[in-house]
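Written below as C-alpha cells is the structure these notes are about.
Please read all numbers here as calculations on a predicted model, not as lab measurements. Hydrogens, waters and symmetry mates play no part in the numbers below; they use all other heavy atoms, side chains included.
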Amino acid sequence: MELRHLRYFTTVAAEGSFSRAAEKLSIAQPPLSRQVQQLEEELGVRLLDRGRPLTLTEPGRYLFEQSRQILQRVEDVRAMTRRIAKGMVLQFNIGFVASTLYDDLPELIRRFRITVPGVEVHLLEMTTLEQVAALKDGRIDIGFGRLRFDDPLIIRKVIREERLCIAAPKGHPLVARGTALRLKDTAGEPLILYPRAPRPGYADQVLSFFHDAEIDPVIATEARELQTALGLVASGGGITIVPASVRRLGRDDVAYIDLDEPKMTSPIIMSYRKNDSSRLLAQLVELVRLFDRWDPALETSRSGP
C-alpha cells in the first residue's frame, strides 16, 4: 500500500465517480481504476460497490476515514518540514504520561516556553513504552513517564519519587479513620487498577506493592485510564492507588488517604536520546536540574534502578 493508492481511493470515494476523480487527479480513468483495484486485491476486501451511484462498502468507509487522516498528516509533516528548513520555526516535541500533568510538569514546561520564546513546543500524550519508540524514530525529543526500562540508546533521569495514596469514595470507612493507613488496612477492599494497557505498566507497580506486603488484592476491575478509575471509585466500585499529586484534581466525590508506606512511590522519569546534542534539549535538562524537586541522587542512565 502506497500513499498514491490512498490518494486515488479517497478521491474516487469523495467524488463518487471514477471519471470525476480521474479529471481531478489529471490522470486517465483506466489506470485510476487499476490502482484502486490493486489496493482492493492487496487488502483482500472490496472497497467500492461499482454501481450507479458508486458507494463505499463497510471496509471502504473505514479506510476512507483513516486515509483522509493519514493524507492530512502527511501534508502537515511536509509543510512543517519546509518551515523548519527555511528557519521559520523551531519545534520541540515532548511526550508525557497523563498522570505527570498533576505533578510539576506543567510548571516546568511553562518555564521552558519562557526560556525559549519562538519555539513551537508540542505536547504528545503517550505511554512510557510509546515514548521509547518515539524517541528512537525522532517523533519526540524528550519524554516524561513512570515506567522503568533499560535501553542503551536512551538516557533516563529520575526527577523524583512521588508518594502514593489511596483514593476512596467519600464516606468510606477507611476515610473515617482520619489517619494514614498501612497497605494491609486495605486487604479485602475491591481494588480498581489502571491503566488496563499497556503491560507492564503502573498497574503492575501497584500489584508489586501488594505482593511485597503479602496481600492478595481483590481486583474489582481494570480501568483504561486514571479519570475512569476515579469515576469508578466515586460510584462506590472500590478504591484505587494513585500518585499523591492527583489530589490536585479537586474532585469532591473522592477522598484521598495518605499511606504510611515510605517505599510505596512511583518515579517520574525523564528520557531522551543518548548523544543528542540539541540546544533545546540541553536547556530543558538544565531547567529540570534547577527545578525545586530535582534530586541528582536519583539520576540513572543506562542501567535500570
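Between R146 and E162 there is a salt bridge, since at least one side-chain N of the basic residue sits less than 4.0 Å from a carboxylate O of the acidic one. The existence of a salt bridge linking R148 and E161 is confirmed by a sub-4.0 Å separation between a basic side-chain nitrogen and an acidic carboxylate oxygen. E40 and R50 are joined by a salt bridge, as a carboxylate oxygen and a charged side-chain nitrogen come within less than 4.0 angstrom of each other. Between D104 and R160 there is no salt bridge, since no side-chain N of the basic residue sits under 4.0 Å from a carboxylate O of the acidic one. Between D185 and R177 a salt bridge is recorded (basic side-chain N to carboxylate O distance below 4.0 Å). Using a 4.0 Å cut-off between charged nitrogen and carboxylate oxygen, D258 and R163 do not count as a salt-bridge pair. A salt bridge is defined here as a Lys NZ or Arg NE, NH1 or NH2 lying under 4.0 Å from an Asp or Glu carboxylate O, and E58 with R61 meets this definition.
The nearest pair of heavy atoms linking Q283 to T115 is NE2-CG2, 4.0 Å. V254 and L230 get closest at one heavy-atom pair: CG2-O, 3.8 Å. For V233 against A167, the heavy-atom pair with the smallest separation is CG1-O, 3.7 Å. Nearest heavy-atom pair, V97 versus G145, reported as atom, atom and distance to 0.1 Å: CG2-CA, 3.5 Å. Closest non-hydrogen pair, C165 versus A244, comes out as SG-CA, 4.0 Å. Smallest separation of non-hydrogen atoms from S245 and S99: OG-O, 4.3 Å.
Side-chain contact check for L48 versus T55: every heavy-atom pair is 4.5 Å or farther apart. Residues V242 and Y102 have side chains not in contact (no heavy-atom distance under 4.5 Å, counting atoms from C-beta outward). I94 places none of its side-chain heavy atoms less than 4.5 Å from the side chain of L124. Looking at heavy atoms from C-beta onward, L54 lies in side-chain contact with F18 at the 4.5 angstrom threshold. Residues F96 and L123 have side chains in contact (heavy-atom distance under 4.5 Å, counting atoms from C-beta outward). In this structure, the side chains of I142 and M270 come closer than 4.5 Å at one or more pairs of heavy atoms. At a threshold of 4.5 Å between non-hydrogen side-chain atoms, the residues F209 and L259 do not count as touching.
Between the side chain of T57 and the backbone N or O of L47 there is at least one donor-acceptor pair closer than 3.5 Å. The closest donor-acceptor contact from the side chain of E261 to the backbone of L183 lies under 3.5 Å. Checked by atom type and distance alone, the side chain of S67 never pairs as donor or acceptor with a backbone atom of F64 at under 3.5 Å. Not one N or O on the side chain of T228 forms a donor-acceptor pair closer than 3.5 Å with the backbone of R224.
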Between D151 and K274, is a salt bridge (charged side-chain N to carboxylate O under 4.0 Å, His left out) present by the stated rule, with each step listed?
CA-CA 10 Å; D151 193 299; K274 187 177 181 181; over 6 Å; no
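For the residue pair H5/E42, the side-chain donor-acceptor check at 3.5 Å is not satisfied.
Counting heavy atoms of neighbouring residues, nucleotides and ligands inside a 6.0 Å radius, atom CD of E23 does not exceed 12 of them.
Of the residues L281, I155, D141, the one that meets the side chain to side chain contact (heavy atoms under 4.5 Å, CB included) test with R273 is D141.
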